[in-house]
2 protein chains.
Amino acid sequence: MPGFPAFAVTVDLVVLTVRDGGLAVLLVERGEEPFAGRWALPGGFVRADEDLPEAADRELAEETGLPAGTVHLEQVATYGAPGRDPRQRVVTVAYLALAPDLPLPVAGTDAADARWVPLAEAGPLAFDHARLLAEAVERARAKLEYTPLATAFCPPEFTVAQLRRVYEAVWGRALDARNFHRKVTGAAGFLEPVGATTARDGGRPAQLFRRGPATSLHPPLLRG
Amino acid sequence: MPGFPAFAVTVDLVVLTVRDGGLAVLLVERGEEPFAGRWALPGGFVRADEDLPEAADRELAEETGLPAGTVHLEQVATYGAPGRDPRQRVVTVAYLALAPDLPLPVAGTDAADARWVPLAEAGPLAFDHARLLAEAVERARAKLEYTPLATAFCPPEFTVAQLRRVYEAVWGRALDARNFHRKVTGAAGFLEPVGATTARDGGRPAQLFRRGPATSLHPPLLRG
DNA sequence: GCCACTTATCGTCAACCCGACGACAACAAC
DNA sequence: GTTGTTGTCGTCGGGTTGACGATAAGTGGC
């Protein structure tokens with residue numbers, strides 16, 4: 001099969017976390033043209049002997065320094081319009097990563113100038129990254145309804161209130177604490193009680209939970 | 001940016017329809033190695049000046065002869081494992097297409113040997129196409145719940161019973177005609193009455209409907 | 001015309017789920 | 001103890017669900 005057009009293939013990451021009651025995305029400042037000085041999603045070329053999820057894992061480790069497996073990672077969509085990179089034909093596979101609130105940037109990584117940027121303050125991005133970001137965020141919002149994905153924003157053990165704050169941050173809407181508690185503890189396989197409680201700063205201690213084995217929520221938590 | 005690995009990029013299509021009460025997929029028989037004689041999903045290389053959806057549209061027109069825009073087309077996922085094509089490094093973007101029941105293959109197209117194959121009878125497929133097919137089908141099943149996508153399997157005007165048979169075929173489960181009628185006609189923007197009725201062969205004539213403007217269903221139709 | 005038979009559509013009912021909200025429990029600070 | 005804060009359990013009316021009975025509007029046989 002000769003004569004097929006040659007493409008470069010990259011993996012770009014939309015890494016989200018919950019900070020200060022809102023969603024934040026991991027961005028890097030570009031040092032080179034095109035779009036020098038602009039903010040962009042972290043990412044890079046897929047290597048010759050690498051599968052796509054491997055490349056995404058590697059980029060994530062390089063950008064965040066996190067041990068692989070601690071963050072949720074899933075493919076979102078692929079973009080390949082001619083001209084989306086002015087230098088050459090590039091096809092980009094976008095991945096969505098959800099992480100607990102973590103200190104960043106980690107020293108000694110590729111992108112020393114990586115930063116968490118609140119979603120609302122993300123200015124114009126390089127390439128078509130604004131679209132990648134928007135579509136990844138919408139995917140995350142939708143998946144919170146019918147999967148236990150929100151636990152990916154939490155540490156291994158967490159309280160119902162922490163989980164609720166995740167939902168409120170992602171959906172941008174206040175939720176009733178009582179009804180949320182009922183639904184979340186009632187969904188089979190969503191949460192597993194750890195047995196311990198938190199020592200908190202003023203207020204009744206809360207039960208700790210771990211993520212349960214369910215992969216989908218019945219019934220789902222609807223945005224309304 | 002020199003030295004990046006060169007990839008070939010293809011678009012593969014999972015074209016589904018409802019036939020004889022079950023899902024069927026459009027497959028072509030491969031004429032060349034590798035996998036000569038095996039069934040495979042239709043698809044082909046993305047051209048040098050083409051966007052990905054354009055390439056999918058073009059391949060669909062070549063395989064089915066349908067005028068563009070009559071079938072629903074959406075991206076599902078991208079596959080790029082090294083070795084998935086033994087000849088060279090290929091990244092494949094899978095698209096899901098939903099079509100009404102149509103006569104195929106259309107004479108004068110690329111793949112004269114394209115056939116509708118019932119899902120259960122699809123034997124071993126070339127490359128990793130079994131996985132592409134399975135993931136696309138699961139996407140279709142899930143989207144029927146909360147989008148008006150089922151109408152893509154129907155002609156422009158259809159009855160509630162036709163729509164119900166689509167759901168039953170895709171989900172592989174019988175549905176109560178009365179409850180289905182209530183829910184489907186109650187969901188805002190799902191169906192628009194045409195005013196006419198069908199002249200049917202034994203039985204009360206049914207009202208005809210057109211697809212409504214809604215892009216999501218409230219409330220959704222759950223599989224249970 | 002009358003009678004089965006088929007298919008479409010409307011109604012009824014109990015069980016369940018939802019959102020709004022009241023009540024209480026268990027801690028800290030003073 | 002009192003106050004304030006946070007977590008957890010209950011209650012209530014309205015809407016939705018699935019199971020299923022009843023009726024409407026055609027066809028074909030006689």
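So that the names make sense, note that chain A is the first sequence line, chain B the second, and so on, each numbered from 1.
Relative to the side chain of A:Asn179, the nucleotides D:dG7, C:dA20, C:dA8 differ in distance, and C:dA20 lies closest. Closest to the side chain of B:Ala206, from the set D:dT8, C:dT9, D:dC20, is C:dT9.
Interface remark: the B:Arg178 side chain does form a donor-acceptor pair with the D:dG21 base, using a distance-only criterion of under 3.5 Å.
A side-chain donor from one of A:Tyr79 and A:Glu135 sits under 3.5 Å from a side-chain acceptor of the other. With 3.5 Å as the limit, one finds no donor-acceptor pair spanning the side chains of B:Thr197 and B:Arg204.
For residues 153-176 of chain A, the set of pairs meeting the ring pair (Phe, Tyr, Trp, His ring centres under 6.0 Å) definition, not counting sequence neighbours, comprises A:Tyr167-A:Trp171, A:Tyr167-A:Phe180. Among residue pairs with one or both ends in residues 205-214 of chain B, those qualifying as salt bridge (Lys or Arg N to Asp or Glu O under 4.0 Å) are B:Glu157-B:Arg210; sequence neighbours excluded. Residue pairs meeting the ring pair (Phe, Tyr, Trp, His ring centres under 6.0 Å) criterion with at least one partner in residues 123-148 of chain A, sequence neighbours excluded, are A:Phe35-A:Phe127, A:Phe127-A:His129. Sorted by first and then second residue, the salt bridge (Lys or Arg N to Asp or Glu O under 4.0 Å) pairs involving residues 171-182 of chain A (not counting sequence neighbours) are A:Asp176-A:Arg178.
A salt bridge links B:Arg58 to B:Glu50: one of the charged nitrogens lies within less than 4.0 Å of a carboxylate oxygen.
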Scan nucleotides 12-16 of chain D against the protein and return all N/O pairs shorter than 3.5 Å with their distances rounded to 0.1 Å.
none

Give me, pair by pair, the N or O atoms of the protein and of nucleotides 28-30 of chain C that are less than 3.5 Å apart, along with how far apart they are.
none

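Closest of all the heavy-atom pairs between A:Ala214 and A:Ala188 is CB-O, 3.6 Å.
Phosphate proximity of C:dC10 to B:His181: present, with a side-chain N or O under 4.0 Å from OP1 or OP2.
Positionally, the nearest nucleotide of DNA chain D for B:Leu222 lies more toward the 5' end than for the other of B:Pro205 and B:Leu222. Each of B:Arg173 and A:Ala177 was matched to the nucleotide of DNA chain D holding its nearest heavy atom; the match closer to the 5' end belongs to A:Ala177.
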